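In what follows, a single structure is set out as structure tokens and then discussed.
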There are 4 protein chains.
Amino acid sequence: MFPSPPEDTGCASRKPVTARRQGTRQRLFEAAVALISEQGVESTSVDRIAERAGVAKGTVYYNFSGKEELYATLIEWGVDRLAGDLRAASAGPPREALFSVLRAELEFIGTHEALARLLMAEAWRTGQAWYTTARHIRDDAIGAIAELLDSMAAEGQIPSDLDTGVASSALFGMTVTVALDWRALQPERPIEEIHATLVRMAEGFLTAP
Amino acid sequence: MFPSPPEDTGCASRKPVTARRQGTRQRLFEAAVALISEQGVESTSVDRIAERAGVAKGTVYYNFSGKEELYATLIEWGVDRLAGDLRAASAGPPREALFSVLRAELEFIGTHEALARLLMAEAWRTGQAWYTTARHIRDDAIGAIAELLDSMAAEGQIPSDLDTGVASSALFGMTVTVALDWRALQPERPIEEIHATLVRMAEGFLTAP
Amino acid sequence: MFPSPPEDTGCASRKPVTARRQGTRQRLFEAAVALISEQGVESTSVDRIAERAGVAKGTVYYNFSGKEELYATLIEWGVDRLAGDLRAASAGPPREALFSVLRAELEFIGTHEALARLLMAEAWRTGQAWYTTARHIRDDAIGAIAELLDSMAAEGQIPSDLDTGVASSALFGMTVTVALDWRALQPERPIEEIHATLVRMAEGFLTAP
Amino acid sequence: MFPSPPEDTGCASRKPVTARRQGTRQRLFEAAVALISEQGVESTSVDRIAERAGVAKGTVYYNFSGKEELYATLIEWGVDRLAGDLRAASAGPPREALFSVLRAELEFIGTHEALARLLMAEAWRTGQAWYTTARHIRDDAIGAIAELLDSMAAEGQIPSDLDTGVASSALFGMTVTVALDWRALQPERPIEEIHATLVRMAEGFLTAP
DNA sequence: GATGAATGAGGCTTCATTCAT
DNA sequence: TATGAATGAAGCCTCATTCAT
């Protein structure tokens, strides 16, 4: 469920990275994912992360350069995973692939709800420091949808003059919003129902003038 | 542009509400809107709010029960204003009304970009304390779209078995995402272009099977 | 004994500076002088300064921008006071004035021993951040001696080709070292004895070839 | 250039002193000299010392009892070296020997500027823990000058009633101050110029009444 | 009504030291 | 002999809040 975070900071620090250390990094990362996803970055103290991971506070700083790196690692991991899921679902004939991608997005959010909320809040945060995250999401996650639309446009399944950049963003956001609403208000509804409605809307769109 | 915040805290504090006090409250509220919208709640200190409002720090606490109340008031005001804009745009024949609502949403985000980001981040935040805000947005803002879809379903313009709850959420989220992407990545594009693409997608959806 | 530190940070912060606040600043400054003089900057925690001043830790930061400003204020005050003492003693006929200045330096160090140690340690610290202090001491304290030597050279009391910059530095350092040795090793000796030896050495120098 | 530090801690720790260990101790000591001289004790972390020595952090504690011992060893080594240089220069006829000692002091400071600053700061530090260092410098370094003056007094080259303790301290401090001023403010001046001025002053003093 | 000095809890980070390997 | 992961005390600083004026 929680694959290891990037195995080393990759910086000049020549730390051999033993098995023990990887274990600690892993526990810290999981604790951070859990807490930050639930409460946001600013409300999550390093103290609590350490406590949840069952290590001393100093250990956080031995394994990560600081709160920021922990957070950046978390976001990166989340985006990569989301993008990976979407791309994995985008194989096959474009039309079905699109529906499959929407389903993968729904599933990701259903499974990693807190992380999804965090990514969304982050993606739209303003300020230079966060531009990277936003860009990353757009390029990787929305990019997977855009590629699909482009190939459909090439095959004449959607109008060639449609702005696929805007359209992919719209499909992505539509699904995120619906998914989060679903989890927050009607978590008991089966995913199929939600997906069916999304597909209907997307189908209409595919046959648009 | 900045309507007064609720005129009194309504709490047991029996403070006579004079004209002077209303003026101070107003200035504090405006300062809070400006700063919190730009930098988020946690990054905005009471000190800075007071400074921007041109009053002493203690005055914040004389006029509001604390930072939290100031923030809650701000969110409330933002949601009300967004919902108001959407409802104002939803008059007239349903089909055109829908396009007009999407445009109003685009305009709101274009004009109050920072506030919009804040509302979105807030809307998707988890935890009991924030449920209210999310619910409020859903009931008021998305509700405006849902009513429109319901009336269209009644007139047969869209299939009667469509889940208008999910659909309105989808239309709302689609527009928010596109709008924020627009502001962040291509702010120089005219709103008409963005709106046109959204309308095309919505049209397709309206004629869906 | 401890005149007020510079009355206001002088920065853009428009704080009215009330009597109460001045009192607190004063107490903090005195506590800082006492502790930092005794133990050095790095070994003196803000916590202890606050404790000694009888205020809460936060009060330190309300009255000074941080540890650094407190420290800079202290150094500045010390240098000003030392330079002031030396200049005050440098009036009158140059020859006697010189002996009087050496005496003033002895007295300053005898009275503010800890502060003197701090200034000396500081004056010779390396690194850009401390250059200012060093320069300040040199310009103000050693400068007072250099001026004296210059006027003596003008009157033919010392050779006109003597490097008064180096010579004043030598006289200053000679006195500091002797004074600190005196305080550390033979504090019971009367100041007159120490002064007499210094004067003898200086006299020899005055009649140098 | 860097003689080995005392070969063993001498404490109860019965660690066999192998050649390998001596090599490690040596590297650690050199790293400590370099770093602490440049940045001071408090700003030099054990981490950086280990890094510079090319060993793991734990190795520092295997070879020294802690940071404090490393530091004490360093100071001791510095004082010994300074005193050695001064004594080596004090051979020959007293008058020339004195000038030669002053030159040796200038050269030591010119060559080991950072270490010299550290020693001076240390020498004047207050507090029981540091008394040893101060005493050491006084006995060894200033002692070398005092012996010279005593022999001159015995030969009638200086008044027999002069306080040679104070005078040697004065000569030492005069030279240190001038030397550090030289390095800090006019490092481009040749050592001869500085030395010449010092010699002139000392000569005057030698012929004092 | 308004002020601003004072507070103290709590956050982030550094670092000397220990210890199992 | 040497290592490096882990520790926790201690440091600096921010900031929402209180209260006497």
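Please read these numbers as outputs of a predicted model, since none were measured by experiment. Residue numbers begin at 1 in each chain, while the letters A, B, ... track the order of the sequences.
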Over all heavy atoms of both residues, which pair between L119(B) and V79(B) is shortest? Give the atoms and the distance, please. CD2-CG2, 3.8 Å

Going by atom types alone, do Q26(A) and Q22(A) pair a side-chain donor with an acceptor below 3.5 Å? no

Could you check whether any side-chain heavy atom of L115(D) comes within less than 4.5 Å of a side-chain heavy atom of W77(D), counting everything from C-beta outward? yes

When Watson-Crick pairs (N1 to N3 and N6-O4 or O6-N4) and G-U wobble pairs (N1-O2 and O6-N3) count only below 3.5 Å on both distances, what is the dot-bracket string of DNA chain F, with | for other-strand pairs? .||||||||||||||||||||

Whole-Å distance between dT7(E) C1' and R21(C) CZ? 15 Å

Quickly work out the I49(D) CD1 to dC15(E) P distance and round it to whole Å. 11 Å

note: R27(B), atom CZ; dG1(E), atom C1'; distance rounded to Å ~ 12 Å

Just the rounded figure in Å: distance from C1' of dA5(F) to CD of Q26(A). 17 Å

Nearest whole angstrom, please: distance from the C1' of dA6(F) to the CZ of R25(A). 15 Å

Side-chain contact test, heavy atoms from C-beta onward, threshold under 4.5 Å: evaluate it for L74(D) versus L118(D) and give yes or no. yes

Taking for each residue the nucleotide of DNA chain E bearing the nearest heavy atom, is the 5' side occupied by V60(C) or by V55(B)? V55(B)

Validation row: T44(D), Y71(D) side chains within 4.5 angstrom (heavy atoms): no

Hey, are the side chains of E51(B) and D47(B) touching, using non-hydrogen atoms and a 4.5 Å cut-off? no

Heavy-atom closest pair (Y62(C) atom, R21(C) atom, distance to 0.1 Å) is O-NH2, 3.1 Å

Are N63(D) and F29(D) side-chain neighbours, meaning at least one heavy-atom pair lies under 4.5 Å? no

For nucleotides 13-21 of chain F, read 5' to 3', which letter fits each nucleotide if B means a protein heavy atom sits under 4.0 Å from the base, S means only the sugar-phosphate is that close, and - means neither? BB-BBB---

Grab the OH-P distance between Y62(D) and dT1(F) for me, whole Å please. 5 Å

Round to the nearest Å and state the distance from E51(A) atom CD to dA6(F) atom P. 18 Å

Is there a side-chain contact between M120(A) and M120(B), using heavy atoms and a 4.5 Å cut-off? no

Between dA6(F) (P) and F64(A) (CZ): distance, integer Å: 11 Å

Can you find a side chain N or O atom of N63(A) that sits less than 4.0 Å from OP1 or OP2 on dA5(F)? no

Please check the phosphate of dT7(F) (OP1 and OP2 only) for any side-chain N or O of T59(A) closer than 4.0 Å. yes

